[in-house]
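What follows is a short report on a single structure.
Residue numbers begin at 1 in each chain, while the letters A, B, ... track the order of the sequences.
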There are 2 protein chains.
Amino acid sequence: MHAEPTAVLKMLADPTRRALFERLSREGEMTVHALTDPSGVSQPAISKHLGALKHVGLVRGRRDGRETYYRAEPKALAPLIDWISFYSTFWHHRFDRLEALLKRMDP
Amino acid sequence: MHAEPTAVLKMLADPTRRALFERLSREGEMTVHALTDPSGVSQPAISKHLGALKHVGLVRGRRDGRETYYRAEPKALAPLIDWISFYSTFWHHRFDRLEALLKRMDP
DNA sequence: ACAAACCATAGCCAAATGGTTATTGATCGT
DNA sequence: ACGATCAATAACCATTTGGCTATGGTTTGT
């Protein structure tokens, strides 16, 4: 219970990397090529980021011929959600909006 | 709505810094000295981290004589919670465990 | 008055980070 | 068969980061 969120936080803290995760979350499975296209950075940079995300389980890669399709793995956010959940106890009494925000997450 | 979570994520991604925020969340207002004590790093390092946390609004400092009391400001987590909340829409239909986790956050 | 305590700042340094170009390996289309 | 495409890796580079020591500025206690 409530595992180390450091690795997940590090991954999401970089805007380029978070954009990859967001795009895969929104649009589903995509190739490296499609992800590189509008990213503003080179294909090797994207591959490296995807490798890092994969390493902490935030994405999964499926090789198909010469292409690799990546998909988001939101399960890997569990440590982060656990962390927020755990500390929400301490925040609750002085963060009025928290309750509303948490409700919004589970409508 | 759903502001940039990058700054907040960067702050929490460092273990030393997150430990400060956690400690202030658990134990309430504390001096720099008290925070430095069991941290394993020097007082200037702690002060620098507190300055960074303060800069993004995650803590607030109150000077009292020669001591400075810091407190956590969980309100500043709003961008992060908004981000998770926003993407939960996309995850919800393919992340079964999320629902359970979110329920655990708001029992 | 003055030494000690508390905190912030300055200056420095090693390591980590995020990017690049070049290259390689594999697969596809013609 | 072979040139083109896709992705990963290698090698390199600049910047950022997180730590340190040294110092300075206040405030406190004696």
Completion exercise
Residues at least two apart in sequence or cross-chain that pass salt bridge (charged side-chain N to carboxylate O under 4.0 Å, His left out) with B:Glu27, listed by chain then number, are B:Arg23
Exercise for the section: Can you see which heavy atom on A:Gly57 is nearest to which on A:Ala76, and at what distance? Expected result: O-CB, 3.2 Å
Problem - side chain to side chain donor-acceptor pair (under 3.5 Å) contacts in which one or both residues fall within residues 36-46 of chain A, not counting sequence neighbours - result: A:Gln43-A:Ser47
Practice task
Using a heavy-atom cut-off of under 4.0 Å over every strand shown, decide if A:Thr31 touches base, sugar-phosphate, or nothing.
Solution key: sugar-phosphate
Problem - Spacing of B:His33 atom NE2 relative to C:dA4 atom C1', expressed in whole Å - result: 12 Å
Handout entry: chain B contact limits on DNA chain D, taken 5' to 3' with a cut-off of 4.0 angstrom to heavy atoms
Key = D:dT17 to D:dT28
Fill in the blank from the handout: note: A:Met11, atom CE; C:dT17, atom C1'; distance rounded to Å ~ 10 Å
Exercise for the section: Give the intermediate values and the outcome of side chain to side chain contact (heavy atoms under 4.5 Å, CB included) for residues A:Leu77 and A:Val8. Expected result: CA-CA 7 Å; A:Leu77 289 167; A:Val8 174; 4.0 Å; yes
Practice task
Test side chain to side chain contact (heavy atoms under 4.5 Å, CB included) on B:Tyr70 and B:Thr31 and set out the steps.
Solution key: CA-CA 6 Å; B:Tyr70 282 91; B:Thr31 68; over 6 Å; no
Practice task
Please list residues of residues 55-69 of chain B whose heavy atoms come under 4.0 Å from any atom in DNA chain D, ordered by number; otherwise none.
Solution key: B:Gly65, B:Arg66
Check: protein-nucleotides 18-24 of chain C nitrogen or oxygen pairs below 3.5 Å:
residue, atom, partner, partner atom, Å
C:dG18, OP1, A:Arg17, NH2, 3.4
C:dG18, OP2, A:Arg17, NH1, 3.0
C:dG19, OP1, A:Thr16, OG1, 3.0
C:dG19, OP2, A:His49, NE2, 2.2
C:dG19, N7, A:Lys48, NZ, 3.3
C:dG19, O6, A:Lys48, NZ, 2.6
C:dT20, OP2, A:Ser42, N, 3.0
C:dT20, OP2, A:Ser42, OG, 2.6

Handout entry: Positive for side chain to side chain contact (heavy atoms under 4.5 Å, CB included) with B:Met11, one of B:Val56, B:Leu80, B:Thr6
Key = B:Val56
Handout entry: Pairs satisfying side chain to side chain donor-acceptor pair (under 3.5 Å), at least one member in residues 54-66 of chain B, at least two apart
Key = B:Glu29-B:Arg62, B:Arg60-B:Glu73
Exercise for the section: Could you check B:Glu22 against B:Arg18 for salt bridge (Lys or Arg N to Asp or Glu O under 4.0 Å), going step by step and ending with a plain yes or no? Expected result: CA-CA 6 Å; B:Glu22 289 178 359; B:Arg18 194 177 65 255; 3.3 Å; yes
Handout entry: side chain to side chain contact (heavy atoms under 4.5 Å, CB included) between B:Leu53 and B:Arg17, intermediate numbers included
Key = CA-CA 8 Å; B:Leu53 289 166; B:Arg17 214 155 38 209; 3.7 Å; yes
